[in-house]
There are 2 protein chains.
Amino acid sequence: MQDSHTSETNQKSIEATIVSGILSAKIRPGTRLGENQLAALFGVSRTRVREAMMRLETRGIVHVSPRRGWFVVEPSAEEAIAVYEARRIVEAGLLRSMRKLTEEGRKALDAHLNEERNAMAAGDRQRLTYLMGDFHIRVAELSGNAIIVDILRDLTARTILISMLYQSEFHAAQSHEGHRRIFEAMQAGDFGRAAALAVEHLDEVEMGLDLTARPDPLSDLRNSLSLPLKAASAVSRQSDLKTTTSKEQ
Amino acid sequence: MQDSHTSETNQKSIEATIVSGILSAKIRPGTRLGENQLAALFGVSRTRVREAMMRLETRGIVHVSPRRGWFVVEPSAEEAIAVYEARRIVEAGLLRSMRKLTEEGRKALDAHLNEERNAMAAGDRQRLTYLMGDFHIRVAELSGNAIIVDILRDLTARTILISMLYQSEFHAAQSHEGHRRIFEAMQAGDFGRAAALAVEHLDEVEMGLDLTARPDPLSDLRNSLSLPLKAASAVSRQSDLKTTTSKEQ
DNA sequence: TGTGGCTATCTTGCATACAAGACAGAAAGC
DNA sequence: GCTTTCTGTCTTGTATGCAAGATAGCCACA
């Protein structure tokens with residue numbers, strides 16, 4: 001893929017490499033990302049690694065446990081629900097805002113669905129995971145709105161982490177069918193239906209999760225004893241303005 | 001407002017202070033944010049300031065001009081359009097996803113609309129700018145989804161920067177009326193209509209912009225010649241005693 | 001065997017030092 | 001007077017050093 005880790009690596013590539021690794025299900029939730037390790041891997045100093053980590057933290061991809069290290073986030077069940085909810089909101093809004101599917105867009109999605117089919121036939125689960133997420137990013141790209149694309153990319157990355165934690169079986173065929181139907185509605189110019197189908201599709205995937213399965217079997221014990229380790233799931237980043245009281249939890 | 005800049009300041013507060021300053025229209029687009037200046041203001045070293053800047057950069061709030069400094073973003077006309085588009089997508093999706101308005105929520109919005117009225121009566125433009133943006137954040141807060149709230153907060157901050165650049169007149173009454181109607185639809189439980197009204201409202205505000213007015217009349221010339229410079233018109237720094245106010249651009 | 005405490009080591013947190021680019025203003029040349 | 005060049009200063013870019021917390025393992029001891 002990338003030309004090893006020559007001195008060429010600019011700082012953005014650390015970020016991109018990690019996100020890419022998550023999107024393609026090569027990096028698991030909870031993976032420790034040591035500053036020294038990454039610095040050595042990318043041939044830079046800790047300073048640049050830290051900058052990348054800070055950026056990834058604001059994107060909700062990693063979190064830091066003070067003096068212990070950086071970890072790929074392990075979304076809690078509550079966070080998982082919030083991510084799916086956010087995706088439904090954004091994706092439905094996105095589809096509903098569309099007015100027509102360009103020929104170019106039609107081709108892109110069609111090609112993508114073919115890739116999904118091929119990966120299913122080949123039984124390549126890792127690639128399937130990547131493709132299932134990528135479909136939604138491709139839809140976002142059709143809007144031409146970079147802001148929305150970025151938002152959905154990060155949400156998709158989190159979604160993949162969630163499925164690595166809570167998804168017991170992988171219903172690829174079901175997801176593919178969902179994508180196919182969304183595409184069909186878009187092709188028919190019925191974006192309201194496409195939006196409804198997208199919501200339905202995300203609901204299905206969310207329903208396929210076992211949110212009672214704890215990522216860390218001891219997490220509730222830890223939490224009740226307030227013994228931080230892993231999971232530190234406390235509120236991603238709240239409020240630049242009026243934090244007020246809602247610390248609840 | 002905030003308890004000065006005691007040694008207590010943690011790094012998040014740099015971020016929060018700047019975003020808050022933008023949301024309340026106290027920081028103008030293009031403002032230079034020198035690392036040394038901020039470090040002195042907050043009583044920390046440049047390291048922490050840089051971390052905050054990096055985070056704000058990923059949030060689309062500031063950008064860095066290599067070896068020249070950090071600046072509050074000055075969205076281009078194209079970016080402005082993208083921001084409004086993104087807001088329409090997210091806010092419409094959000095409203096449409098709602099099922100009911102709780103009594104608590106109704107009270108919060110009602111109180112907010114009262115604040116808008118008061119500020120209009122008082123003619124406090126800066127506060128009005130803040131309130132007009134805050135309405136949308138409050139709506140997002142009703143969803144209870146922190147992800148959506150964060151997204152909309154950042155988009156709102158950018159919106160305020162955009163209006164400071166391109167909005168010649170401030171149609172506060174019109175915006176207030178838009179908010180009132182959205183609230184009314186929500187109260188009636190008609191969230192589809194609320195979403196449509198929100199889109200309409202954002203359209204109106206966007207239409208009120210003069211996107212042909214360049215933030216810097218020379219920017220295109222500068223860009224084409226890659227001659228960066230920007231005098232950060234007025235206000236920006238208080239450190240030097242140079243009295244030569246830039247009388248020409 | 002089990003328990004408590006100590007220490008060595010590894011981690012990030014943060015500040016600082018220095019390098020290098022960008023700019024402004026003086027100086028030089030015409 | 002006008003332009004060009006040079007140089008000093010200011011800015012960020014990056015690495016590194018040191019402090020301090022967290023952890024694991026060892027050892028003493030009951």
Side-chain angles (χ1 to χ4, degrees), chain A residues 5-15 30-58 62-73 216 218 222 225-232, chain B residues 5-15 30-58 62-73 216 218 222-223 225-232 236-246 248-249:
Chain A
H5 51 83
T6 63
S7 58
E8 181 105 22
T9 47
N10 52 356
Q11 79 205 52
K12 291 290 173 72
S13 85
I14 301 176
E15 243 184 296
T31 302
R32 180 157 183 285
L33 300 171
E35 293 183 3
N36 286 321
Q37 290 170 280
L38 291 176
L41 271 172
F42 285 89
V44 297
S45 77
R46 278 179 52 219
T47 304
R48 314 244 319 252
V49 172
R50 282 184 64 90
E51 290 174 354
M53 291 299 110
M54 303 273 171
R55 287 196 164 94
L56 286 175
E57 189 181 35
T58 79
V62 307
H63 78 110
V64 63
S65 180
R67 313 264 177 196
R68 295 200 344 104
W70 296 88
F71 299 88
V72 175
V73 295
D216 173 3
L218 301 178
R222 272 200 245 280
L225 301 177
S226 64
L227 288 176
L229 177 66
K230 280 192 157 177
Chain B
H5 50 83
T6 64
S7 58
E8 181 104 23
T9 48
N10 52 358
Q11 79 204 54
K12 290 292 173 70
S13 86
I14 301 176
E15 244 184 295
T31 301
R32 180 157 183 286
L33 301 171
E35 293 183 2
N36 286 319
Q37 289 170 282
L38 291 176
L41 272 171
F42 285 88
V44 297
S45 77
R46 279 180 51 220
T47 305
R48 312 231 336 239
V49 172
R50 295 201 92 225
E51 290 174 355
M53 292 298 111
M54 304 270 171
R55 287 194 163 95
L56 286 175
E57 190 180 35
T58 79
V62 307
H63 77 108
V64 62
S65 180
R67 312 266 176 196
R68 293 200 343 105
W70 296 89
F71 299 87
V72 175
V73 293
D216 173 3
L218 300 178
R222 272 200 242 281
N223 286 341
L225 300 178
S226 63
L227 284 177
L229 174 65
K230 169 62 54 73
S236 58
R237 57 157 169 262
Q238 75 268 25
S239 55
D240 54 356
L241 42 138
K242 171 185 288 190
T243 57
T244 60
T245 56
S246 53
E248 53 178 66
Q249 292 89 346

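Every chain is numbered from 1, with letters handed out A, B, ... down the list of sequences. What you are looking at is a predicted structure, and each value in this text was computed from that prediction instead of being measured. Computation of the quantities below employed the complete heavy-atom set of this structure, encompassing side-chain atoms and omitting hydrogens, waters and symmetry-equivalent molecules.
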Rounded distance (Å) that lies between atom [atom2] of [N] and atom [atom1] of [X]:
X       : N      : atom1 : atom2 : result
B:Glu57 : D:dT12 : CD    : P     : 13 Å
A:Arg50 : D:dT16 : CZ    : C1'   : 14 Å
A:Phe71 : D:dA22 : CZ    : C1'   : 11 Å
B:Arg46 : C:dT16 : CZ    : C1'   : 9 Å
A:Asn36 : C:dG13 : CG    : P     : 12 Å
A:Glu35 : D:dT16 : CD    : P     : 14 Å
A:Met53 : C:dG13 : CE    : C1'   : 16 Å
A:Glu51 : C:dC14 : CD    : P     : 15 Å

In Å and rounded to the nearest 0.5 Å, what is the [atom1] to [atom2] distance from [X] to [Y]?
X       : Y       : atom1 : atom2 : answer
B:Met53 : A:Glu51 : CE    : CD    : 12.5 Å
B:Leu56 : A:Met54 : CG    : CE    : 13.0 Å
B:Leu38 : B:Ser45 : CG    : OG    : 12.0 Å

Tested for side-chain contact (heavy atoms from CB on, under 4.5 Å) against A:Leu33, the lone hit among A:Val64, A:Val62, A:Val49 is A:Val62
With respect to the phosphate group of [N], does any side-chain polar atom (N or O) of [X] fall under 4.0 Å of OP1 or OP2?
X       : N      : result
B:Arg32 : D:dT12 : yes
A:Ser45 : D:dA15 : yes
A:Arg68 : D:dT23 : yes

For the side chain of A:Arg67 and the base of C:dT11, is some donor closer than 3.5 Å to an acceptor across the two? no
A:Arg48 side-chain proximity, nearest of D:dA15, C:dA15, C:dG13: D:dA15
If you find the nucleotide of DNA chain D closest to B:Thr47 and the one closest to B:Leu33, which residue's nucleotide is nearer the 5' end? B:Leu33
Give the minimum heavy-atom separation between A:His63 and A:Glu57, together with the two atoms involved. CA-OE2, 4.3 Å
